Each structure stands twice: as structure tokens, then as C-alpha cells.
Amino acid sequence: MDEKKVMLSGIKPSGDLTLGSYLGAIRNWSARAEEFDCYYFMADLHAITVRQKPADLRRRTIEQLAQYIACGLDPEKNTLFIQSHVPAHAELGWVLNCYAMFGELSRMTQFKDKSAKNADNINGGLFTYPALMAADILLYQPDYVPVGEDQKQHVELTRDIANRFNHIYGDTFKIPEPYIPKVGARIMSLANPEAKMSKSEDDDPGRVTLMDPPEVIMRQFKRAVTDCDACVRYDPENKKGVSNLMTIYAAATGKTFPEIEREFDGQLYGAFKTAVGEAVVELLRPIQEETKRLLADKAYLESVCKNGAEKAGYIANKTLRKVYKRVGFVAR
Ligand code: TRP
């Protein structure tokens, strides 16, 4: 049997997952395990580059793990773990800091954005974040790193760091490719259909989180921005709000755009928005129930974390030992 290609992605537990992340990405992840050997981790080391409340960080890390499993990521078929449970990330992160240049790190868009937003806490971790991310990736010698547009620059830098290291010491790291998933809907904010539905902003009227109760979901959809020609028609150029709602409805029900246009022909937006809200409530209901069931089963979640960290640690340590040897550290 052919070896499966390896894929790895990290998720920063710094905000609640939304309908946008589910329909746009997570929903398609369970099927990937057939084709790829997949690693997913909760990037808690990365989360603390911005100040977090300890209790919130701990709760969110576990909650997100439970949500991923509830969304279909099977811990038997994927390696799921918490970044801080595998010390090799921090260890290789340090080493790679010594192969990431000040100039490169200074040019990272995310660093510039985040230091503008957190002017009172521009810490060293925020600056060296991409070296840690390079370590996260290179430890597992993956072929692909699925990332959004905003993280592509970090994957590019990871490749540069890996090439630099390989050039000095001989082949050590596989050079990973960014992976831009083909499927997945692009869900926009309900309040501002020009912008993506974002995960980190609280109390955002444009957002539905995976755990929102039905009445909140219905309220968000009733308030959704549309337009004034009272016609449910797919036209992403001129009717952004309505088209976004149609995309959500299509993704939740499996209906096509022409079917949806026929279904709401001659009806007011109110009825359409209610139908979209109800479809989303039904879509999220089983995920919410499963997440709650998992969160109540602490022993199970602990076993997932433990097995995941063991499996990941085994692979990661192999790479780390090779690196330590290459740079000249005395063997233990
Ligand atoms: N930086 C990513 C983000 O902000 C999270 C992340 C950390 C990551 N390490 C990674 C993503 C490794 C992919 C691979 O979303």
C-alpha cells in the first residue's frame, strides 16, 4: 500500500468557531483522512502571544477539541493533540529562531497588524511566532499545510527556513506546500457581506458561532443585511447579502441556487431569512449536542489528548533528534 501524504494544521484557540469556519473548512476535514495522514493541533503556545485569561484559554482549548470531534474529525483516523503537550514544538521553535532573520520576521503582515492592534504588548513571542509555526510544521515532515490566505506568508517563510537549514546541514526537512482546499463555501459576515465571517470578535452582529442557541441564531439571521429589491436571486456582484444567505442555505440544505430561487419566488425577505435561520439551527443541533456530550466526558477527552500527544510526540521527536545532531548538540 502506498504511504499516504501527510497534512498538518494548527488552530489557535483564541476565539469561538463560527458557522463560517464550519461550512468553509471544518466540514470537509473528516473526508480528508481517507486520502491523507492528518495532524491537527490546538495552538495554545501561539495563543499566548496575545494576552489571554487563563481560565478562558483552558476552556476554549478543550471546547475546540470537542467541537472538532463533534464536526466529524475522528480521533482514531486523525492525530488530534494540544501543542503544549508535545514539548518538541517549543524546542525546535527555539532552534529555528536562530535560522529566521530579523528582516524576514519584520516583514510579516500578521506581525505588523497585531502589533498595531496590541500596541501595549508587542512582545518577543509575537515577533518570533513564525519560527514557532515553522517548527510546528517541519517536525512532522508534512507534504501539505492547509491554510487560509492570511497564513500563506507564514508557510512561505517556513519553506525559506527549511531550505536554509537543509542547505547548511544537508537534507533534514521536507519542504511543505501550502494547500488551498478546493471545496468549501466562503461565508461572509451577516452584518457586512463584504467581509469574511470572523472568529475572534465577540458580540459581532454578523457572526453565528457553532454553539449559539437557536434563539440567537434566529435573531442574527433576522437582522442580516439584504437589499431593497425584495427578490431572492443569486447575484454575488450586486446582491452580496442575499447571495451570502443563499450560500448558507444551499450549504445547510443541499439545495441548488435555482431551487432556492424557485422556493422563495414572490416571497418577502422575512420568510427567506427565517428559513435560513431554521436550516442553520437544524444543521448545528447535532453538533451542539455531540459537543456537550463530549465535554461532559472528561475521561474520553483526556484519553484523546494523551493518545494524540503520544503519537505526535513520537514523530516530532524523531525530527528533533535529527536536528539536534545536525547542529552539533551532544547526544543525551
Ligand atoms: N498561525 C495559525 C493561525 O493563526 C495557527 C498555526 C500555528 C498553524 N501553527 C500552525 C497553522 C501550523 C498551520 C500550521 O491561524
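On a predicted model such as this, the values are computed, not experimentally measured, just so you know. Just so you know, ligand 1 is whichever comes first in the structure, and atom 1 is the first atom listed for that ligand.
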Under 3.5 Å, sequence neighbours excluded: what are the donor-acceptor pairs made by side chains of residues 312-320?
unit_1: N317; atom_1: ND2; unit_2: G313; atom_2: O; d: 3.0
unit_1: T319; atom_1: OG1; unit_2: L139; atom_2: O; d: 2.7

Check your understanding: Below 3.5 angstrom, do we get any N/O pair linking H154 and ligand 1?
Key -> no

Review point. Nearest heavy atom to atom 12 (C) of ligand 1: which of I137, D150, T158, V155 does it belong to?
Key: I137

Review point. Do Y144 and K5 get their side chains close enough for a donor-acceptor pair, meaning under 3.5 Å?
Key: no

Review point. Got a sec, which residues hit salt bridge (charged side-chain N to carboxylate O under 4.0 Å, His left out) with R59, two or more places apart in sequence or on another chain?
Key: D56, E63

Review point. Is a donor on one side and an acceptor on the other found under 3.5 Å between the side chain of Q67 and the backbone of L210?
Key: no

Review point. Mind checking whether Q110 has an N or O less than 3.5 Å away from an N or O of ligand 1?
Key: no

Exercise for review: Taking S9 for its side chain and P146 for its backbone only, find out whether a donor-acceptor pair lies under 3.5 Å.
Suggested key: yes

**Study point:** Atom indices of ligand 1, in the order listed, that fall short of 4.0 Å to a heavy atom of Y129
**Key:** 1 (N), 2 (C), 3 (C), 4 (O)

**Study point:** Atom indices of ligand 1, in the order listed, that fall short of 4.0 Å to a heavy atom of V145
**Key:** 13 (C), 14 (C)

Check your understanding: Of all the atoms in ligand 1, which lie at a distance below 4.0 Å from a heavy atom belonging to F41?
Key -> 9 (N), 10 (C), 12 (C)

**Study point:** Sub-4.0 Å atoms of ligand 1 with respect to non-hydrogen atoms of K12
**Key:** 4 (O)

Study note, to complete from the structure: Quick look: Q83 vs ligand 1, heavy-atom contacts under 4.0 Å, and the answer is neither

Exercise for review: Taking T256 for its side chain and E259 for its backbone only, find out whether a donor-acceptor pair lies under 3.5 Å.
Suggested key: yes

